[in-house]
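The model shown is predicted, which means the values in this text are computed figures rather than measured ones. Naming convention: chains lettered A, B, ... in sequence-line order (proteins, then strands); numbering from 1 in each chain.
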There are 2 protein chains.
Amino acid sequence: MGKLTREAVVERALLIGDDEGLQAVTIRRLAQDLGVTPMALYWHFKNKEQLIVGLADHLVHGFVVTEDPVRPWQEQLRELVAGLVRVLRRHPCAVSVLEEVDHMEVPHFLHVWNTALGLCRKAGFTYEESCLISKYLLQGAIALSAGQVNRKAGVTSKEGREAARVKRITLQSLPQDVYPHIVEMAAPLVEGCSTELYDTFGVDLLMNGIETLAERRA
Amino acid sequence: MGKLTREAVVERALLIGDDEGLQAVTIRRLAQDLGVTPMALYWHFKNKEQLIVGLADHLVHGFVVTEDPVRPWQEQLRELVAGLVRVLRRHPCAVSVLEEVDHMEVPHFLHVWNTALGLCRKAGFTYEESCLISKYLLQGAIALSAGQVNRKAGVTSKEGREAARVKRITLQSLPQDVYPHIVEMAAPLVEGCSTELYDTFGVDLLMNGIETLAERRA
DNA sequence: ACCTGAACACCGTTCAAGT
DNA sequence: ACCTGAACACCGTTCAAGT
């Protein structure tokens, strides 16, 4: 039989998480799918938390960004954010995973963060400001990726669309005098807007705030 | 004996969540603290999810923002964000709660959202843009509140500070050639920056992005 | 080094029954 | 209306033991 390896476990976890949601990823379920005892996993991972950390690292893996000393920082930061969003969009469960783990324990995420920090420093921000801004940017990128895709199930699935329909109707049947705008915009709220809007507008939104602050101190 | 009521349950949950973390809030633990059978809670809440929704609603309760037709939208949106951050800072577990629940199921959060949507429309954004921006703003406010306070335990507690110390050392002992900036800024990264910086800088960061976009389309 | 068996201390939830 | 008892189907994790 194929040997049980960290890689294999993480990949199986990704499969389960992507089409049944992260809450379906349990030690026991994972073991069952891999044809092994639950305790076998404890040889490869200290505990479940570390398994999810491994999953997170696997997700961000492959997205390598390095600081380029000659190109302008704005351009590079923008690419970093856009790239992260793109990577997270590839897996439905990616956002839930990143939300659950402590980012500081994820090596590949730390690498992205390191680059972001360097670019903030290059922009002329202080240490404290750079910390705040980089946190804000990465968190913002994750939030952006969360907004569009349905996190529990793929938008393509029947259950996903049915759930969206129910939610839309729920919003629409809210008291109109209390929540006038929610009722009016129920459809775009639950369905999210077009992907193009997200890619251009969302990243712009994040970067504009930072660029304005940088200019102000220049 | 004091009667078991929704209010009492939620308040107990808040107590537990605030000083032991949200993961300590379980149906069984809650029942034990309240001197009642676990199943008693199911009379007042459909399930655990709805209990947490109730908790979330309780947290945002009291933060009422209403649209003022005469004052400029920028000012109002800024107050909305700053106010939400202030409210969330009052309870250590607030951020975890808001991250766990579906915001659309929390009445008082919907009210804040409704106001935000109205202000976005007033700023001249389209339906789709207003949805994106309001989501981004509220999510951003939550993220800002998360950054500063330690979410698992109060910063004042011994365990909290010890955990921060360990984390700082972990970051500092990372390979310096791979993560130069992380190593260099380990201290401010784990400790977070001063609250004043957060309040002024963080909210500015969020608002600047939006104001820039609004001006651009004017 | 890598995995199993059995056990422990938990979960959320249902359903019938009590008052 | 409001709560209990007993049971079900799950969790993560430890620890000694097997190969």
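Side-chain proximity of B/Asn47 to D/dG12, C/dT13, C/dC2: nearest is C/dT13. Among the nucleotides D/dG12, C/dT4, C/dT13, the one closest to any side-chain atom of A/Val36 is C/dT4. Ranking C/dC2, D/dC11, D/dA7 by closeness to the A/Thr26 side chain, first place goes to D/dC11. Relative to the side chain of B/Trp43, the nucleotides D/dC2, C/dT4, D/dT4 differ in distance, and D/dC2 lies closest. Comparing D/dG12, C/dA1, C/dT13 against the side chain of A/Arg28 picks out D/dG12 as the nearest. Comparing atom distances between the B/Met39 side chain and each of D/dT13, C/dC3, C/dT13 picks out C/dT13 as nearest. The side chain of B/Leu4 has D/dC3 as its nearest neighbour among C/dC3, D/dC3, C/dT13. The A/Lys3 side chain lies nearest to C/dC2 when the options are D/dT13, D/dC3, C/dC2.
A/Glu49 has its CD atom 14 Å from the C1' atom of D/dT13, to the nearest Å. A straight line from OH of B/Tyr42 to C1' of C/dA17 spans 18 Å, rounded to a whole angstrom. As rounded to whole Å, 11 Å separates atom P of C/dT4 from atom CG of A/Leu34. For A/Glu20 and D/dC10, the CD to C1' distance is 15 Å, given to the nearest whole Å. When the P atom of D/dC11 is taken as reference, atom CZ of B/Arg29 falls 24 Å away, rounded to whole Å. The interatomic distance linking B/Gln32 (CD) with C/dC10 (C1') rounds to 12 Å, in whole Å. Taking atom CD1 on A/Ile27 and atom C1' on C/dC8, their separation rounds to 17 Å, with Å as the unit. Computed from coordinates, the A/Leu41 CG to D/dC11 P distance equals 12 Å when rounded to whole Å.
Nearest heavy atoms, B/Val183 versus B/Pro175: CG2-O, 4.4 Å.
Annotation: side chain of B/Asp204 is in contact with side chain of B/Arg78 (closest heavy-atom distance under 4.5 Å).
A distance of 6.0 Å separates CG of A/Leu59 from SG of A/Cys93, quoted to the nearest 0.5 Å.
Rounded to a whole angstrom, the distance from the C1' atom of C/dC11 to that of D/dA7 is 15 Å.
B/Tyr179 and B/Glu184 form no side-chain donor-acceptor contact under 3.5 Å, judged by distance and modelled atom types alone. Between the side chains of A/Gln139 and B/Gln139, not a single donor N or O lies within less than 3.5 Å of an accepting N or O.
Partner assigned to C/dT19 is D/dA1, using Watson-Crick or G-U wobble distances below 3.5 angstrom. With both pairing distances under 3.5 Å, D/dT13 is matched to C/dA7 as a Watson-Crick or G-U wobble pair.
Using a 4.0 Å cut-off, no side-chain N or O of B/Thr37 falls inside it from OP1 or OP2 of D/dC3. Of the side-chain N and O atoms in B/His44, none sit less than 4.0 angstrom from OP1 or OP2 of D/dA1.
Note on ring orientation: taking the six-membered ring where Trp is involved, the planes of B/Phe109 and B/Trp113 are perpendicular (angle over 60°, cut-offs 30° and 60°).
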